[in-house]
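Quick caveat, the model's predicted, so the values are computed rather than measured. Within every chain, numbering begins at 1; the chains are lettered A, B, ... in the order of the sequence lines, protein sequences first and strands thereafter.
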Number of protein chains: 2
Amino acid sequence: MSDKRPETLTVDRMSTPVGEVLIVTDAEGAVRALDFTDFEARMMRLLARHAPGAILVPGRAPEPVRRAVSAYFDGDVRALDALPVRTSGTAFQAEVWAALRTIPVGETRSYGQLAAAIGRPGAVRAVGLANGSNPIGVIVPCHRVIGSNGTLTGYAGGLERKRWLLAHEAAHAV
Amino acid sequence: MSDKRPETLTVDRMSTPVGEVLIVTDAEGAVRALDFTDFEARMMRLLARHAPGAILVPGRAPEPVRRAVSAYFDGDVRALDALPVRTSGTAFQAEVWAALRTIPVGETRSYGQLAAAIGRPGAVRAVGLANGSNPIGVIVPCHRVIGSNGTLTGYAGGLERKRWLLAHEAAHAV
DNA sequence: ACCTTCATGTCCGAAAACCGCGAGACTTGG
DNA sequence: CCAAGTCTCGCGGTTTTCGGACATGAAGGT
């Protein structure tokens, strides 16, 4: 490859009302991945794809990140909005994930609406797929996308959590 | 991706007793590719795979490289031995190409011997394949590999050139 | 000698399978 | 007649699978 010095990523853990989460951050303090510990294997698989050869060291995430996550679960549901993230999927995935962060707290979109928003009205299922391979749960709010008929339809972390997150955000959206 | 500023590569041309060659070097002065101009398309295809997004600018290769190539064809057949090269194939290809440079000037190996040398006695045909996709002709001496029965069997630049190179090296190996 | 045949490892391109959907046709049951 | 559930099918990007191709070599038959 051109030039790939192995990158070291920090893996932290925090407990939340819906279970413990893993938070992966890089040297610049950007969040690279976030997922619930009961899906740790899945997250590692995604990481392996997006940051091949990276070295994972258990450690503490930067304080701003930890504070933001705590605040979010404590009711300050907008605390995650400005958190820097970094992903590395395909161009299509990048578009989808970027679009996700534009959904305001307390609102939802359907897969079709999201597809239309990125200019590909037909790519409905592809949006679902990209959604499902989002490495940064909660912060990149893939849980705000639901079926066009209002059903939740799916969530990598379990539908229960999706339901909880949406209710939590709705309750504190002010 | 992690971090990919587009890289610029320099493309030079030199004439030799067996035809004009293209030499591609990078900013650090390492040789990235070398092939005969009548197979320019093939080389570009390999480059596209190994250095995607790189920008090719016609120009002059570093003097040490040009001197070494000249010297080699003038009879100083060991002049290329220390030339820095950089490739980017698969792990298997990297092993094969590294093994190639350990074949001394004036000697040859069979595909089977080379396969055994990298610890994969069965990967005989795979060695041939990797050999054929060597982007850096002459300097990485894929021409020193011949059939176990002494036939030349194949060369991306044409068997005539393979024959010439081997004879040239044998004549000046001292 | 020469010419099959066969086993063999890797890579690449094509094709198929996979889905966190959605719209429309069809069934039920009220 | 209407509403809500079920089924079917097309959709598009990504991943996985699969089938050749190949710069071989050894064996076995003419």
Novice: Of all the heavy-atom pairs spanning B:Thr16 and B:Gly19, show the shortest one and how long it is.
Specialist: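 Minimum heavy-atom contact is OG1-O, 2.6 Å.
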Novice: What closest approach, in Å, do A:Ile118 and A:Ala99 show between heavy atoms, and which atom pair accounts for it?
Specialist: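 Minimum heavy-atom contact is CG2-CB, 3.9 Å.
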Novice: Atom CZ in B:Arg32, atom OG in B:Ser88: separation rounded to 0.5 Å?
Specialist: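 Those atoms lie 7.0 Å apart.
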Novice: Hey, what else clusters with B:Met43 if you join Ile, Leu, Val, Met, Phe, Trp, Tyr whenever side-chain heavy atoms sit under 4.5 Å?
Specialist: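 Members alongside B:Met43: B:Leu9, B:Val11, B:Leu22, B:Val24, B:Met44, B:Leu47, B:Leu56.
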Novice: Look up atom CD in B:Gln113 and atom OG1 in B:Thr108, then write down how far apart they are to the nearest 0.5 Å.
Specialist: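 If I round to the nearest 0.5 Å, the distance is 7.5 Å.
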Novice: Using a heavy-atom distance cut-off of less than 4.0 Å, which residues of residues 112-124 of chain B contact DNA chain C?
Specialist: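 Contacts with DNA chain C under 4.0 Å: B:Arg120, B:Gly122, B:Ala123.
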Novice: B:Val57: which other cluster members, linking ILVMFWY side chains closer than 4.5 Å, directly or transitively?
Specialist: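 Reading the cluster by chain and number, B:Val57 sits alongside B:Ile55.
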Novice: How long is the span from the CG atom in A:Leu129 to the CD atom in A:Gln93, to the nearest 0.5 Å?
Specialist: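 Result: 8.0 Å between the selected atoms.
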Novice: Going 5' to 3' along DNA chain C, between which two nucleotides do contacts with chain B fall, using a heavy-atom cut-off of 4.0 Å?
Specialist: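 The protein-touched segment is C:dA7 to C:dG13.
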Novice: Identify whether any heavy atom of A:Phe92 sits under 4.0 Å from a base atom; if not, whether one sits that close to sugar-phosphate; answer base, sugar-phosphate or nothing.
Specialist: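 Sugar-phosphate contact only - A:Phe92 comes under 4.0 Å of backbone atoms but never of a base.
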Novice: Do A:Val77 and A:Val140 belong to the same hydrophobic cluster, where Ile, Leu, Val, Met, Phe, Trp and Tyr are linked whenever their side-chain heavy atoms lie under 4.5 Å apart, directly or via other members?
Specialist: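 A:Val77 clusters together with A:Val140.
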Novice: Looking only at non-hydrogen atoms, find the nearest pair between A:Ile146 and A:Lys162 and report the distance.
Specialist: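 A:Ile146 and A:Lys162 have their closest heavy atoms at CG2-CE, 4.1 Å.
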Novice: Under 3.5 Å, which donor-acceptor pairs link side chains of residues 67-75 of chain B to any protein atom two or more places apart or in another chain?
Specialist:
| residue | atom | partner | partner atom | Å |
| --- | --- | --- | --- | --- |
| B:Ser70 | OG | B:Arg66 | O | 3.3 |
| B:Tyr72 | OH | B:Glu169 | OE2 | 2.7 |

Novice: Measure CG/B:Asn134 against P/D:dC22 and give the value in whole Å, please.
Specialist: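 To the nearest whole Å, that distance equals 18 Å.
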Novice: Please list, chain by chain and in numerical order, all residues satisfying salt bridge (charged side-chain N to carboxylate O under 4.0 Å, His left out) with A:Asp38, sequence neighbours excluded.
Specialist: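 With sequence neighbours excluded, A:Asp38 shows a salt bridge (charged side-chain N to carboxylate O under 4.0 Å, His left out) to A:Arg161, given in chain and number order.
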Novice: Closest heavy-atom contact between A:Gly132 and A:Arg42?
Specialist: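 Minimum heavy-atom contact is O-NH1, 3.2 Å.
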Novice: In whole Å, what is the span from the OH atom of B:Tyr155 to the C1' atom of D:dA23?
Specialist: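 In whole Å, D:dA23 C1' and B:Tyr155 OH are 11 Å from each other.
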Novice: Mark yes or no for a side-chain to base donor-acceptor pair under 3.5 Å between B:Tyr111 and D:dA23, with no hydrogen or angle criteria applied.
Specialist: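 For B:Tyr111, whose side chain was compared with the base of D:dA23, there is a donor-acceptor pair (under 3.5 Å).
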Novice: Return one dot-bracket line describing DNA chain C 5' to 3' (Watson-Crick or G-U wobble pairs, both distances under 3.5 Å; ( ) same strand, [ ] crossing, | another strand, . none).
Specialist: |||||||.|||||||||||.||||||||||
Novice: Suppose we screen for salt bridge (charged side-chain N to carboxylate O under 4.0 Å, His left out). Which residues come up paired with B:Glu20, at least two apart in sequence or across chains?
Specialist: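 Partners of B:Glu20 by the salt bridge (charged side-chain N to carboxylate O under 4.0 Å, His left out) criterion come out as none, since no residue qualifies.
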Novice: Tell me, please, which residues at least two apart from A:Arg13 pass salt bridge (charged side-chain N to carboxylate O under 4.0 Å, His left out).
Specialist: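 Salt bridge (charged side-chain N to carboxylate O under 4.0 Å, His left out) list for A:Arg13, sorted by chain: A:Glu40.
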Novice: For nucleotides 15-20 of chain D, which of its nitrogen or oxygen atoms have a protein nitrogen or oxygen under 3.5 Å away, and what is each distance?
Specialist:
| residue | atom | partner | partner atom | Å |
| --- | --- | --- | --- | --- |
| D:dT15 | OP1 | A:Arg49 | NE | 3.4 |

Novice: Starting from P on D:dC11, measure out to CZ on A:Arg125 and report it in whole angstrom.
Specialist: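 Rounded to the whole Å, the gap is 11 Å.
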Novice: Of the residues in residues 141-153 of chain B, which ones touch DNA chain D at a heavy-atom distance under 4.0 Å?
Specialist: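 Listed by number, they are B:Cys142, B:Gly147, B:Ser148, B:Thr153.
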Novice: When rounded to the nearest 0.5 angstrom, what distance separates OG1 in A:Thr10 from CZ in A:Arg60?
Specialist: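 One finds 12.0 Å between OG1 of A:Thr10 and CZ of A:Arg60.
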Novice: If you pin A:Ala126 and B:Gly157 to their nearest nucleotides in DNA chain D, which one's is more 5'?
Specialist: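 Looking at the nearest nucleotide for each, A:Ala126 comes out on the 5' side.
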Novice: Heavy atoms under 4.0 Å, any strand shown: does A:Ala130 hit a base, just sugar-phosphate, or nothing?
Specialist: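 The residue A:Ala130 makes no contact with any strand.
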Novice: Only counting residues at least two apart or in another chain, list the ones meeting salt bridge (charged side-chain N to carboxylate O under 4.0 Å, His left out) with A:Arg120.
Specialist: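 Applying salt bridge (charged side-chain N to carboxylate O under 4.0 Å, His left out) to A:Arg120 gives A:Glu95.
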Novice: Where the side chain of B:Ser110 is defined as all heavy atoms beyond and including C-beta, which of D:dT24, D:dG25, D:dG13 is the nearest nucleotide?
Specialist: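 The answer is D:dG25, which lies nearest to the side chain.
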